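Because the structure is predicted, anything quoted here is derived from the model rather than measured.
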Amino acid sequence: MTLKEKLSTSLVIGDGAMGTLLYQKGIQGCFEELNVSDPDQIEEIHRLYIEAGADLIQTNTYAANASKLARYQLSDCVEELNRAAVTIARKAAAGRAYTVATIGGVATMHQEKTPLDERLSVLREQADVLLDTDVDGFLLETFYDFEELKQILTYVRAKTTRPVIAQATLGDIGVLHTGMPLQQALEELEALGADVCGINCRMGPYHMLQSLEETATLSRAVLSVYPNASLPNVRDGRFSYQSNPSYFGDMTTSLAAEGAVLIGGCCGTTPEHIREIRKAVTEHELQPVTKTEPSRRRAAAAPELEGERITKLTEPSGQTSVIVELDPPKALSGVPAFMEGARKLTGAGVDAVTLADNSLASSRIDNLALGARIKAEGSRPLLHIACRDRNIIGLQSHLLGMHELGIRDILAITGDPAKVGDFPGATSVYDMSSMDLIRLIKQLNEGTSFSGKDLGAKTDFTVGAAFNANARRLDREVQRLAKKKEAGADFFMSQPVYSKERIEAAAEAVKDLEVPVYIGIMPLVSSRNAEFLHHEVPGITLTDDVRERMKQTDGDREAGEREGIQMAKELIDTALKHFRTVYLITPFLRYSITETLTAYIREQEKTAVISGRAAGRG
């Protein structure tokens, strides 16, 4: 009987974990390399699973692609390790079990930075080797990126008539990482030609059962489920799983009742788990079940945000949009001046007060706390969020807290490394890049958490991204902006620019982006300030003329401030010819300077309106 025939007539029992079993034995390094260096150990594990009752075993090739093998300097061994794995599995099976060649996903639960085409290239290389062997079928498993799974499924399906099992990995109960319902994902895999569609890894039997309760039987393909033994436990830096084989057996009846035809185990499972699955199937005489309707309905989609909707910074208005950065102070004694600055700037007519998130990795008072305070007094806060200081858990929690406080505007940045700041012993997190954070924010706007879970309501954030207008290759920088826009950026904010020519070049470079670009202007206050920015702050370059003008005021605080304001006004005059959006950056909490510049922008607008009317009468 072929594997396809077996799957169409009875329950099929898969094997359990390979990697975690080897790990529990104290083996470190590349498990797939053992296919060559210690084939007897791999063969023994296969035999233990078959003796426990597995009808189907997987080759030890989950991570045998060039990308993952590169971690061990084995990227040139793809063919050798994959072919050796098939030989070992076929020998162990010896006609007693079916053998499927396993291909594991490259992307992780973390948003993948490697381009999809590069990931598919290594997966196709591995698939080509395995397609040229005599396995009974193919198992695609642990795919966090659903598009990656669909693409490699399409590739394998086009090259073989042997059964293909396609298994995605859930982000949360009943949903993929993107929030896609499991039923939709299974139907898409079936449409692409998978003979078996299912889920594996990350969750134990209980949560996988809840997920299957939200599905119905597919029209052609059958369903598979490979749960982890449990949630992982970490002790002394080592991962372990609950030893619960009998519980696995108890859950088998329920999994089969929800339509599972192929049942195996993933991380933490052992031959004992498979023995209990076999025992349950035999004692209860379990057979495939057709389920025309889900046992449990998914919750309704998240509703739109209730309450008054604020006007977005990206929406057109009758005047130039001005946002002003006011850095949170480093000391508590600076809070009164900060609050007074926010009041003055709001009174001057700024559209938003933007607060940096520990810029240059220097610790300051939390911008969310200060943002909430100035909002309560009538200012509109625009908060920077850096990926440096929070992991994915903290970032999502921070964002949902912002939502509850009614703060809707964000600038997503990667953030300067911790080692450049005033706490050099601190570590940088960087679970995400700014691009990943933009995608997360947009996902929250759809009512879906990072893991894919329904939030119960949709956030309503507007998200900006950084623009290095001083980049040597503006064309390349604009290519990055286009990718950020594709990820969901609603507007851009540039670093400070100190030459009219650079403003004009930036305007030309971004003219086709079709989203607002806030051009950054930060007034200088002294020659020392100018030299520091030019020589020590990444991404900021001053012209020789600007430095010389500031040098002429050296030693005279008031003269330095006047000259800085004058140069800023000259830059504003140029900026207003090309941009309807200006980003003023307050130096050293001297908010009176940016208050003056905001008033200057508003005065220039009035002058332009009056001139336009006069020209119309003429």
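E605 and T320 form a side-chain donor-acceptor contact under 3.5 Å, judged by distance and modelled atom types alone. Using modelled atom types and a 3.5 Å distance limit, the side chains of S433 and D436 yield a donor-acceptor pair. Side-chain polar atoms of N445 and T459 form a donor-acceptor pair below 3.5 angstrom.
Residue L455 holds its CG atom at 8.5 Å from CD of Q443, rounded to the nearest 0.5 Å. Distance CG/L399 to OG/S449: 12.0 Å, rounded to 0.5 Å. L597 contributes atom CG, which lies 10.0 Å from atom CG of L571 (distance to the nearest 0.5 angstrom). Y430 OH to N391 CG: the interatomic distance, rounded to the nearest 0.5 Å, is 14.5 Å. A distance of 9.0 Å separates NZ of K442 from CD1 of I438, quoted to the nearest 0.5 Å. The CG atom of L345 sits 15.5 Å away from atom CZ of R380, with the distance rounded to the nearest 0.5 Å.
Using a 4.5 Å cut-off on side-chain heavy atoms (C-beta onward), I410 and L383 make no contact. In this structure the side chain of Q495 never reaches within 4.5 angstrom of the side chain of F467, judged on heavy atoms. Side-chain contact check for T543 versus H534: every heavy-atom pair is 4.5 Å or farther apart. Inter-residue side-chain proximity for H403 and R408 is flagged as met; some heavy-atom pair is nearer than 4.5 Å. Proximity of I565 to I593: side-chain heavy atoms (C-beta onward) are separated by under 4.5 Å at one or more points. Between Q604 and D573 the shortest side-chain heavy-atom distance falls below 4.5 Å. Under the 4.5 Å side-chain criterion, counting only non-hydrogen atoms from C-beta, S67 is not in contact with T114. When side chains are defined from C-beta on, E188 counts as touching M180, because their heavy atoms get closer than 4.5 Å.
Of the possible donor and acceptor atoms, one in the side chain of K485 sits under 3.5 Å from a partner among the backbone N and O of L513. Although no hydrogens or angles enter the test, the distance criterion places a donor-acceptor pair under 3.5 Å between the side chain of T581 and the main chain of V517. Checked by atom type and distance alone, the side chain of S362 never pairs as donor or acceptor with a backbone atom of N358 at under 3.5 Å. Panel note: side chain N367, backbone H384; a donor-acceptor pair is recorded below 3.5 Å. R390 places no side-chain N or O within 3.5 Å of a backbone atom of H398 that could act as its donor or acceptor partner. N228 contributes a side-chain N or O that, together with a main-chain N or O of C267, makes up a donor-acceptor pair within less than 3.5 Å. No donor-acceptor pair under 3.5 Å is formed between the side chain of D454 and the backbone N or O of T448. No side-chain donor-acceptor contact under 3.5 Å links T553 to the backbone of D556. A donor-acceptor contact shorter than 3.5 Å is absent between the side chain of N529 and the backbone of L524. Remark: side-chain polar atoms of R388 are not paired, donor with acceptor, to backbone N or O of P417 under 3.5 angstrom.
Between D145 and R119 there is a salt bridge, with a side-chain nitrogen of the basic residue lying less than 4.0 Å from a carboxylate oxygen of the acidic one. Salt bridge status for E340 with R343: present, with a side-chain N to carboxylate O gap under 4.0 Å. A salt bridge links R602 to D351: one of the charged nitrogens lies within less than 4.0 Å of a carboxylate oxygen. By the 4.0 Å N-to-carboxylate-O rule, K344 lies too far from E595 to be salt-bridged with it. Between D544 and R549 there is no salt bridge, since no side-chain N of the basic residue sits under 4.0 Å from a carboxylate O of the acidic one. Checked for salt-bridge contact, K551 and D554 miss the test: no charged N lies under 4.0 Å from a carboxylate O. Using a cut-off of 4.0 Å between Lys/Arg side-chain N and Asp/Glu carboxylate O, K483 and E486 are scored as not salt-bridged. With salt bridges taken as basic N to acidic carboxylate O contacts below 4.0 Å, one links E561 and R590.
Heavy atoms only, all atoms of each residue included: P496 and N470 are closest at O-ND2, 2.9 Å. Heavy atoms only, all atoms of each residue included: A412 and S434 are closest at O-CB, 3.7 Å. In terms of heavy-atom proximity, G520 sits nearest to S494 at N-OG, 2.7 Å. Here the closest heavy-atom approach between residue A469 and residue L474 is recorded as O-CD2, 3.7 Å. Nearest heavy-atom pair across G488 and V463 is O-CG1, 3.6 Å. Scanning both residues, A465 and A489, for their nearest heavy atoms gives CB-CB, 4.1 Å.
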TODO: Kindly indicate, with the supporting measurements, whether the criterion side chain to side chain contact (heavy atoms under 4.5 Å, CB included) is fulfilled by V582 and S321.
DONE: CA-CA 6 Å; V582 178; S321 179; over 6 Å; no
Open item on the list: The test is ring-ring contact (aromatic ring centres under 6.0 Å, His included); show your working for H177 and F146 and say whether it passes.
Closed with: CA-CA 9 Å; H177 170 67; F146 192 57; over 10 Å; no
- [ ] Might you work through the side chain to side chain contact (heavy atoms under 4.5 Å, CB included) test for V322 and I601, ending with a clear yes or no?
- [x] CA-CA 8 Å; V322 181; I601 292 172; 3.9 Å; yes
Open item on the list: Apply side chain to side chain contact (heavy atoms under 4.5 Å, CB included) to residues E504 and T574 and explain how you reach the verdict.
Closed with: CA-CA 8 Å; E504 290 169 346; T574 301; 4.0 Å; yes
TODO: Check the pair F461 / D409 against side chain to side chain contact (heavy atoms under 4.5 Å, CB included), numbers first and verdict last.
DONE: CA-CA 6 Å; F461 293 120; D409 301 307; over 6 Å; no
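No more than 12 heavy-atom neighbours from other residues, nucleotides or ligands sit within 6.0 angstrom of OH on Y206. Taking a 6.0 Å sphere around CD of E514, one finds it holds 12 or fewer heavy atoms contributed by other residues, nucleotides or ligands. Within 6.0 Å of NZ on K375 lie no more than 12 heavy atoms contributed by other residues, nucleotides or ligands.
In this structure T586 satisfies the side-chain hydrogen bond (donor to acceptor under 3.5 Å, both in side chains) test together with T594, sequence neighbours excluded. With sequence neighbours excluded, the residues forming a ring pair (Phe, Tyr, Trp, His ring centres under 6.0 Å) with F491 are Y518, listed by chain and number. Here D512 pairs with nothing under the salt bridge (charged side-chain N to carboxylate O under 4.0 Å, His left out) rule; sequence neighbours left out.
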